[in-house]
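This report concerns only the one structure given below.
Naming: A, B, ... by sequence-line order, numbering from 1 per chain.
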Protein chains: 2
Amino acid sequence: MSSSLSTEEKIKAAAKQVFISKGFSGCTSRELAKASGMNVALVNYYFRSKNKLFQLIFQTVMEEFFESMVSVFSSDLPLKEKLKFLIEREYAFLTKHPEIPRFIINELSRKDTDLIELTHVLPVIYNTGVIEQAIEAQKKGEMRRVDMVGITLLVISNCQYPFLAKPLIKNLHKLSDEQYQQHLELHKGMVSEMIISYLFPAAPKPNKK
Amino acid sequence: MSSSLSTEEKIKAAAKQVFISKGFSGCTSRELAKASGMNVALVNYYFRSKNKLFQLIFQTVMEEFFESMVSVFSSDLPLKEKLKFLIEREYAFLTKHPEIPRFIINELSRKDTDLIELTHVLPVIYNTGVIEQAIEAQKKGEMRRVDMVGITLLVISNCQYPFLAKPLIKNLHKLSDEQYQQHLELHKGMVSEMIISYLFPAAPKPNKK
DNA sequence: ACTTAATTTAAACAATTGTTTAAAACAATA
DNA sequence: TATTGTTTTAAACAATTGTTTAAATTAAGT
């Protein structure tokens with residue numbers, strides 16, 4: 001399969017899979033090579049070192065990760081709809097790439113790695129105008145006064161964690177993959193309703209204090 | 001310090017730290033040995049192998065992890081108060097042991113490990129009577145009809161994720177440790193209010209369907 | 001066809017891996 | 001003190017690690 005790709009692309013694609021599912025320290029150069037059908041020397045011929053290859057992959061994954069998020073923020077929708085849409089999109093993305101949150105969290109907490117800069121992604125989100133939209137809604141008293149960090153945490157906690165904790169919850173409650181999938185679908189609805197009704201209280205509740 | 005402990009205890013304590021912060025594949029036998037001031041042979045003398053030592057540590061960590069949770073469920077409180085208390089306790093526990101969620105999630109998703117059974121923990125929780133308490137509250141229409149998996153996910157998502165994502169959020173929003181700590185404290189309140197008001201809607205809202 | 005450059009290979013490198021050996025140091029008991 | 005058994009050590013083991021070498025193969029340009 002995918003023999004139309006160049007050697008370099010094949011290695012990159014295979015390495016991405018391996019790195020995401022086993023982490024940097026969880027795999028070897030030879031495993032990376034074998035996964036793409038190549039040999040060790042070839043991997044280093046194209047990417048210099050395991051670490052260089054990893055940095056490249058990590059960068060790529062991070063961009064994919066924020067891509068769909070930004071696209072939602074850029075859309076022409078009222079804030080409340082953006083949020084609903086965002087949650088929907090996140091669940092869709094994570095259903096396709098359930099291992100990515102663990103990968104990102106893990107590799108970002110490694111102390112021995114060349115620290116990875118994420119400086120460029122926040123400005124991109126700010127430029128979508130979603131912040132002004134939120135401030136506006138808060139001024140009008142439609143939205144609870146929660147800062148950007150709080151909203152971010154609220155949304156991604158409830159989207160990502162159910163995927164992160166799949167092995168834990170499956171093990172704990174003795175669920176099959178299918179059963180867990182059903183729970184996820186159910187949970188998505190709950191989370192959406194809960195977050196929306198928290199951030200946009202039905203009764204026009206001006207923030208006290 | 002802690003030279004009053006036996007060699008075996010010293011190794012176990014040091015290994016716990018190392019395993020939790022670097023993971024099984026992220027550390028070496030020699031690192032484990034050095035962390036306790038011993039040598040490699042000594043570690044294997046007491047624990048047979050790196051893997052055996054790991055299994056032991058993992059078991060311990062899991063028990064600690066569920067301990068405080070169970071103690072809350074066993075307490076003599078109305079359900080709503082139990083939940084509030086649980087969130088409070090979780091945040092306290094995680095403030096003390098912020099690396100544990102990542103450790104558990106990571107090691108449980110390793111495919112190459114001897115799979116770890118968690119069969120015993122769920123019955124313990126069931127025996128606290130918290131389930132009956134929930135069913136009761138749901139029958140009386142005080143509580144939204146969400147099953148155990150849903151509630152579990154809701155609570156631990158919002159408690160654990162903020163600790164899991166600390167490096168991500170810190171990096172993204174360029175926050176200091178102190179700033180992040182403040183956000184955590186703020187978030188705890190939000191999460192508590194949000195979950196409670198979602199699960200126990202103020203208006204006696206009988207579940208539609 | 002000849003030359004040059006790019007790609008791929010097998011083999012080797014030193015360093016590190018988890019684990020074991022066998023001797024030493026220590027403690028307890030007689 | 002001599003004799004146990006327990007604990008600790010230094011050294012070694014084969015296997016695997018990330019990386020490099022140098023030769024072989026293929027492709028491209030003339």
Side-chain angles (χ1 to χ4, degrees), chain A residues 1-60 103 106-107 110-116, chain B residues 1-60 103 106-107 110-116:
Chain A
M1 57 166 165
S2 64
S3 54
S4 66
L5 295 174
S6 71
T7 301
E8 191 175 345
E9 293 297 325
K10 274 192 223 165
I11 295 173
K12 200 150 52 168
K16 190 172 157 189
Q17 293 239 115
V18 176
F19 275 140
I20 285 177
S21 79
K22 317 241 269 176
F24 179 80
S25 66
C27 69
T28 69
S29 313
R30 280 160 184 82
E31 189 178 353
L32 292 167
K34 192 155 283 180
S36 58
M38 309 295 159
N39 61 39
V40 248
L42 212 37
V43 173
N44 279 8
Y45 172 72
Y46 282 106
F47 302 97
R48 317 268 320 152
S49 75
K50 183 192 176 189
N51 195 52
K52 285 262 171 55
L53 174 55
F54 174 82
Q55 299 293 335
L56 192 78
I57 302 285
F58 188 82
Q59 188 76 19
T60 312
F103 173 67
N106 262 318
E107 303 300 339
R110 265 173 53 212
K111 287 165 175 60
D112 52 338
T113 190
D114 317 350
L115 63 116
I116 293 132
Chain B
M1 55 167 165
S2 65
S3 54
S4 65
L5 295 174
S6 71
T7 302
E8 190 175 347
E9 292 299 326
K10 274 191 223 167
I11 296 173
K12 199 149 54 167
K16 190 172 158 190
Q17 292 239 114
V18 176
F19 274 139
I20 286 178
S21 79
K22 318 241 267 174
F24 179 80
S25 65
C27 68
T28 70
S29 313
R30 281 162 183 81
E31 190 177 353
L32 291 166
K34 192 154 285 181
S36 57
M38 310 295 159
N39 60 40
V40 248
L42 213 36
V43 174
N44 279 8
Y45 171 72
Y46 282 105
F47 301 98
R48 317 263 324 147
S49 74
K50 183 191 176 189
N51 194 50
K52 285 262 171 53
L53 175 55
F54 175 81
Q55 300 294 335
L56 192 79
I57 301 284
F58 189 82
Q59 188 75 19
T60 312
F103 173 66
N106 262 318
E107 303 301 339
R110 264 173 53 211
K111 287 166 175 61
D112 53 338
T113 189
D114 317 351
L115 63 114
I116 294 132

- Query: Would you say a side-chain N or O of A:Tyr46 is under 4.0 Å from OP1 or OP2 of C:dT8?
  - Reply: yes
- Inspect the surroundings of CD in A:Gln17 and state if more than 12 heavy atoms from other residues, nucleotides or ligands are less than 6.0 Å away. no
- Message: In the structure I gave you, are the side-chain heavy atoms of A:Phe19 and A:Lys50 within less than 4.5 Å of one another anywhere?
- Response: yes
- Message: Less than 4.0 angstrom from a charged side-chain N to a carboxylate O is my criterion; do A:Arg110 and A:Glu107 meet it?
- Response: yes
- Message: What does the 5'-to-3' dot-bracket notation of DNA chain C look like when only Watson-Crick and G-U wobble pairs under 3.5 Å count, and pairs to other strands show as |?
- Response: ||||||||||||.|||||||||||||.|||
- Task: Whole angstrom is fine here: how far is it from CG in B:Leu42 over to P in C:dC26?
- Result: 14 Å
- Message: For a 4.5 angstrom cut-off between non-hydrogen side-chain atoms, does B:Phe24 reach B:Asn51?
- Response: yes
What's touching nucleotides 15-19 of chain C from the protein side, N or O pairs under 3.5 Å?
| unit_1 | atom_1 | unit_2 | atom_2 | d |
| --- | --- | --- | --- | --- |
| C:dG18 | OP1 | B:Lys50 | NZ | 2.9 |
| C:dG18 | OP2 | B:Ser29 | N | 2.6 |
| C:dG18 | OP2 | B:Ser29 | OG | 3.0 |
| C:dG18 | O5' | B:Ser29 | OG | 3.2 |
| C:dG18 | N7 | B:Arg30 | NH1 | 2.8 |
| C:dG18 | O6 | B:Arg30 | NH2 | 2.9 |
| C:dT19 | OP2 | B:Lys50 | N | 2.8 |
| C:dT19 | O4 | B:Arg30 | NH2 | 3.4 |

- Can you tell me how far P of C:dT7 sits from CD of A:Glu8, to the nearest Å? 9 Å
- For B:Thr7 and D:dT8, is the shortest distance between a side-chain N/O and OP1 or OP2 below 4.0 Å? yes
- Query: For the ring pair A:Phe47 and A:Phe54, is the centre-to-centre distance below 6.0 Å?
  - Reply: no
- Query: Taking atom C1' of D:dT8 as reference, at what distance in whole Å does atom CG of B:Asn39 sit?
  - Reply: 7 Å
- Value in whole Å for how far the C1' atom of D:dT26 lies from OH of A:Tyr45: 11 Å
- So how far is it from A:Glu8 CD to A:Lys12 NZ, rounded to the nearest 0.5 Å? 6.0 Å
- d(B:Thr7 OG1, B:Ile11 CD1) to nearest 0.5 Å is 6.5 Å
- Message: If you define the side chain from C-beta out and look only at heavy atoms, does anything of B:Cys27 sit under 4.5 Å from B:Leu32?
- Response: yes
